[in-house]
Amino acid sequence: MRARIALLLLAFSVSAPFLAAQTRSARTTLDIYVIDVEGGNSVLFVAPSGESVLIDTGNVAPGDVRDAGRIMAATKDAGITQIDHLIITHWHGDHFGGLTQLAKQIPIKEFIDHGPNVQPTPQTDEFLQKTYPALYADAKHLVAKPGDKIPVAGLNWLVVSSAGEVLKTPLPGAGKPNPYCALYKPGDNNAEDPQSVASYISFGKFRAVHLGDLTKNKEFELMCPNNPIGTVDLLLGMHHGVATSNSPVIVYALHPRVAIINNGTRKGGEPETMMTIHSSPGLEDLWQMHFSLLSGQEYTTPGMFIANTIDDQQPSMPITPMQAPTPGPGAPAVPQHNGTAYWIKVSAKQDGTFTVTNARNGFSKTYESGK
C-alpha cells in the first residue's frame with residue numbers, strides 16, 4: 001500500500017507541472033478583465049502565453065482590502081499565480097491604493113511607473129518613501145518613457161505617454177494628420193493625471209489602448225497635429241469617464257469600436273463625456289463598470305452593458321443627470337457598493353475578433369474582425 005501511495009505521489013508531482021503548462025499552452029485568446037474597484041482603476045491582461053500585466057490596483061483604505069480581493073478573484077478566474085508586470089499609471093489613491101494589500105497575496109515580478117509624484121500629498125509621499133521601495137526591492141523596477149516596450153510574450157505593448165512626455169514616432173501605418181484637432185478646447189487638470197503611463201497593446205490584428213487619466217490638454221499634445229497611434233478596437237482607461245478627459249481630439253481619432261468606462265456610482269459619466277463617446281465615429285457599443293447618477297437615464301448606456309449596481313438598490317434611476325456635489329465634508333455620501341462585484345471581460349483573437357462579457361448578467365457580444 002505504501003509503495004502504491006508513493007507511486008501515485010510521484011506520478012502527481014511529475015504530471016502537475018505538465019498539466020499546468022498544458023493549460024497555459026491551451027489559451028488562445030488575450031483576456032482582459034476590467035475590474036470593479038469603485039471608480040478607481042484596475043485592469044488585468046493575460047496573454048495566450050499566460051504572461052500577465054496589471055494596470056493599477058484600486059483604492060486606498062478603507063477600500064484597499066476590498067479592491068485587492070476583487071483583483072485576486074480575477075487572477076483566480078484567469079488561472080494565473082503571479083503578476084508579471086504591474087503598471088501604476090500615476091500616484092493618485094484610486095490607482096495605487098490596493099497595492100500593499102495585493103502584494104501580500106500574489107508575487108509581482110516587475111513594477112512600472114512614471115517616476116516621482118508631482119502632486120504632493122502626505123499619504124502618497126509616505127507610501128512612496130516608506131512602502132513602495134520595499135515592495136519592488138526584490139523585483140524589477142522600470143520608470144517608463146514613451147516608446148518603451150513592455151516585453152509580454154505574444155503581445156506588442158508600447159508606452160505612448162509617461163511623466164508628461166508623449167510618443168513622437170508614429171506606429172507603423174499611423175502618423176496621418178488628425179482632423180479632430182480643430183475641435184480642441186483646453187481643459188482643467190491637476191498635476192498628476194497628465195503624468196499617466198498610457199499604453200498601446202496589439203495582439204495580431206486586435207488593437208487596444210489604455211490611457212490612464214490623461215487629460216484633454218495632454219490628449220491634444222499626444223494626438224496633434226498628427227495621430228501617432230491610428231485606430232483601435234478597444235478604448236480603456238478613460239479617466240473614469242470624467243469630462244476633464246475624453247475629448248473628440250482623441251476619442252474620435254482613435255475610432256474605437258468598443259469603449260469601457262471604469263466609472264463609479266457617482267464618479268464619471270457626465271453628459272459631456274457620454275455625448276462625445278456616443279457620437280464617436282465607428283463606435284458600436286459603450287460598456288460601463290457602474291450605473292452613474294451623473295448620467296441619469298438621459299445619457300446612460302442600456303443596463304445590459306453595465307456591470308454593477310449598488311448595495312441599496314433603488315426601484316428606479318432618475319432620468320435627469322445629477323450634478324456632481326462640491327467635494328468636502330458637507331457632500332452627500334456616495335452610494336455604496338461593497339457587495340458582490342462583477343467585471344467586464346474581453347477575450348480577443350489574433351484575427352481581430354473579440355467578445356465582451358458582462359459578468360453580472362452573462363450578456364455577451366462578439367465583434368467580428370474587419371468590421
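Hydrogens, waters and symmetry mates are skipped; everything else that's a heavy atom, side chains included, is used.
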J.: Would one find more than 12 heavy atoms of other residues, nucleotides or ligands at under 6.0 Å from atom CD of Gln82?
T.: yes
J.: Is the His255-Tyr180 ring centre distance short of 6.0 angstrom?
T.: no
J.: Test Asp213 against His90 for side-chain hydrogen bond (donor to acceptor under 3.5 Å, both in side chains), laying out the working first.
T.: CA-CA 8 Å; Asp213 282 4; His90 62 294; 3.2 Å; yes
J.: When you measure from the side chain of Asn217 to the backbone of Gly187, do you find a donor-acceptor pair of N or O atoms at a distance under 3.5 Å?
T.: yes
J.: Might you point out which heavy atoms bring Ile261 and Met238 nearest each other, and give the distance in Å?
T.: CG1-SD, 4.0 Å
J.: Does NZ belonging to Lys349 count more than 12 external heavy atoms closer than 6.0 Å?
T.: no
J.: Yes or no on side-chain hydrogen bond (donor to acceptor under 3.5 Å, both in side chains) for Trp287 and Thr301, after CA distance, side-chain angles and deciding distance?
T.: CA-CA 7 Å; Trp287 299 66; Thr301 198; over 6 Å; no
J.: Can you give me the closest heavy-atom contact between Ala47 and Ala153, atom names plus distance?
T.: CB-O, 3.6 Å
J.: May I ask whether Ile88 and Met72 are part of the same hydrophobic cluster, defined by side-chain heavy atoms of I, L, V, M, F, W, Y residues being less than 4.5 angstrom apart, directly or through others?
T.: yes
J.: For Phe220 and Tyr184, take the angle between the two ring planes, folded into 0 to 90°, and tell me which bin it lands in: parallel under 30, tilted 30 to 60, perpendicular over 60.
T.: parallel
J.: May I ask whether Val166 and Met223 are part of the same hydrophobic cluster, defined by side-chain heavy atoms of I, L, V, M, F, W, Y residues being less than 4.5 angstrom apart, directly or through others?
T.: yes
J.: Which atom names give the shortest non-hydrogen contact between Asp56 and Ser42, and what distance separates them?
T.: O-OG, 2.9 Å
J.: With a 3.5 Å cut-off and no angle check, do the side chains of Thr355 and Thr366 form a donor-acceptor pair?
T.: yes
J.: Can you name the nearest heavy-atom pair linking Pro228 to Asn226, along with the distance?
T.: CD-O, 3.2 Å
J.: Using modelled atom types and a 3.5 Å cut-off, is there a donor and acceptor pairing between side-chain atoms of Gln119 and backbone atoms of Glu192?
T.: yes
J.: When you measure from the side chain of Lys267 to the backbone N and O of Gly39, does any donor-acceptor pair fall under 3.5 Å?
T.: yes
J.: Without swapping roles, check the side chain of Ser295 against the backbone of Thr300 for a donor-acceptor pair under 3.5 Å.
T.: no
J.: Between CG of Asn41 and CG of Asp94, what distance do you get to the nearest 0.5 Å?
T.: 8.0 Å
J.: Could you please spell out the steps behind the salt bridge (Lys or Arg N to Asp or Glu O under 4.0 Å) verdict for Lys205 and Asp351?
T.: CA-CA 5 Å; Lys205 295 181 179 180; Asp351 68 359; over 6 Å; no
J.: Mind jotting down which residue pairs meet the salt bridge (charged side-chain N to carboxylate O under 4.0 Å, His left out) criterion with at least one end in residues 39-53? Sequence neighbours excluded, please.
T.: none
J.: Do Tyr367 and Asp233 have side-chain N/O donor and acceptor atoms under 3.5 Å apart?
T.: no
J.: Taking atom CD1 of Ile83 and atom OG1 of Thr75, what is their separation to the nearest 0.5 Å?
T.: 6.0 Å
J.: Strictly by salt bridge (charged side-chain N to carboxylate O under 4.0 Å, His left out), give each pair with a member in residues 148-169 just once, sequence neighbours left out.
T.: Lys145-Asp148
J.: Rounded to the nearest 0.5 Å, how far does CD1 of Ile108 lie from CD1 of Ile106?
T.: 7.5 Å
J.: List the atom of Leu254, the atom of Leu235, and the distance in Å for their closest heavy-atom pair.
T.: CD1-CD1, 4.0 Å
J.: If I take atom OG from residue Ser162 and atom CG from residue Leu167, how far apart are they, to the nearest 0.5 angstrom?
T.: 12.0 Å
J.: Could you go through the side-chain contact (heavy atoms from CB on, under 4.5 Å) check for Gln195 and Asn117 one step at a time?
T.: CA-CA 9 Å; Gln195 304 293 309; Asn117 176 34; over 6 Å; no
J.: Between Val258 and Leu30, is there shared hydrophobic-cluster membership here, with clusters defined by ILVMFWY side-chain heavy atoms closer than 4.5 Å?
T.: yes
J.: Given the rule in the ring pair (Phe, Tyr, Trp, His ring centres under 6.0 Å) test, do His95 and His240 qualify, once you have shown the distances and angles that lead to the verdict?
T.: CA-CA 11 Å; His95 289 258; His240 321 290; 5.2 Å; yes
J.: Inspect the contact between Asp84 and Lys109 and indicate whether a charged nitrogen and a carboxylate oxygen are less than 4.0 angstrom apart.
T.: no
J.: Is a side-chain N or O of Arg207 found less than 3.5 angstrom from the main chain of Val232, in a donor-acceptor match?
T.: no
J.: Hydrophobic clustering (ILVMFWY, side-chain heavy atoms < 4.5 Å, transitive) - are Tyr299 and Leu286 grouped together?
T.: yes
J.: Might you point out which heavy atoms bring Ala341 and Asp36 nearest each other, and give the distance in Å?
T.: CB-OD2, 3.8 Å
J.: CD/Glu270 to CG/Leu293 distance, rounded to the nearest 0.5 angstrom?
T.: 12.0 Å
J.: Test side-chain contact (heavy atoms from CB on, under 4.5 Å) on Leu234 and Ile32 and set out the steps.
T.: CA-CA 11 Å; Leu234 178 64; Ile32 304 170; 4.0 Å; yes
J.: Mark yes or no for whether Asn227, through its side chain, and Ala174, through its backbone, hold a donor-acceptor pair below 3.5 Å.
T.: no
J.: Do Asp31 and Thr29 pair up side chain to side chain, a donor and an acceptor below 3.5 Å, judged on atom types alone?
T.: yes
J.: Test Tyr132 against His141 for ring pair (Phe, Tyr, Trp, His ring centres under 6.0 Å), laying out the working first.
T.: CA-CA 11 Å; Tyr132 190 52; His141 178 221; 5.8 Å; yes
J.: In this structure, would Phe206 and Trp157 fall into the same cluster of hydrophobic residues linked by side-chain contacts under 4.5 Å?
T.: yes
J.: List the steps, then state whether side-chain contact (heavy atoms from CB on, under 4.5 Å) holds for Ile112 with Val159.
T.: CA-CA 11 Å; Ile112 302 167; Val159 176; 5.8 Å; no
J.: Look at the side chain of Arg27 and the backbone N and O of Ala78, then say whether any donor-acceptor pair between them is shorter than 3.5 Å.
T.: yes
J.: Would Ile87 and His210 count as a side-chain contact (heavy atoms from CB on, under 4.5 Å) if you check the C-alpha gap in whole Å, the side-chain angles of each, and the deciding distance to 0.1 Å?
T.: CA-CA 11 Å; Ile87 299 173; His210 188 292; over 6 Å; no
J.: Out of the candidates Glu219, Lys185, Glu272, only one should pair with Ser247 under the side chain to side chain donor-acceptor pair (under 3.5 Å) rule; please name it.
T.: Glu219
J.: Step by step, work out the side-chain hydrogen bond (donor to acceptor under 3.5 Å, both in side chains) result for Ser196 and Thr89.
T.: CA-CA 5 Å; Ser196 291; Thr89 57; 4.5 Å; no
J.: Between atom CG of Asp193 and atom OG1 of Thr215, what is the distance when rounded to the nearest 0.5 Å?
T.: 6.0 Å
J.: Check whether Lys216 reaches the backbone of Ala243 with its side chain - one donor and one acceptor, N or O, closer than 3.5 Å.
T.: yes
J.: Ser279 vs Tyr252, test: side-chain hydrogen bond (donor to acceptor under 3.5 Å, both in side chains). Steps then yes/no.
T.: CA-CA 8 Å; Ser279 62; Tyr252 290 7; 2.6 Å; yes
J.: Quick one: does Trp343's side chain get under 4.5 Å of Asp77's, heavy atoms only?
T.: yes
J.: Classify the ring geometry of Trp91 against Phe96: parallel below 30°, tilted from 30° to 60°, perpendicular beyond 60°.
T.: perpendicular
J.: Decide yes or no for Tyr342 and Asn361: does some side-chain heavy atom of the first lie under 4.5 Å from some side-chain heavy atom of the second?
T.: no
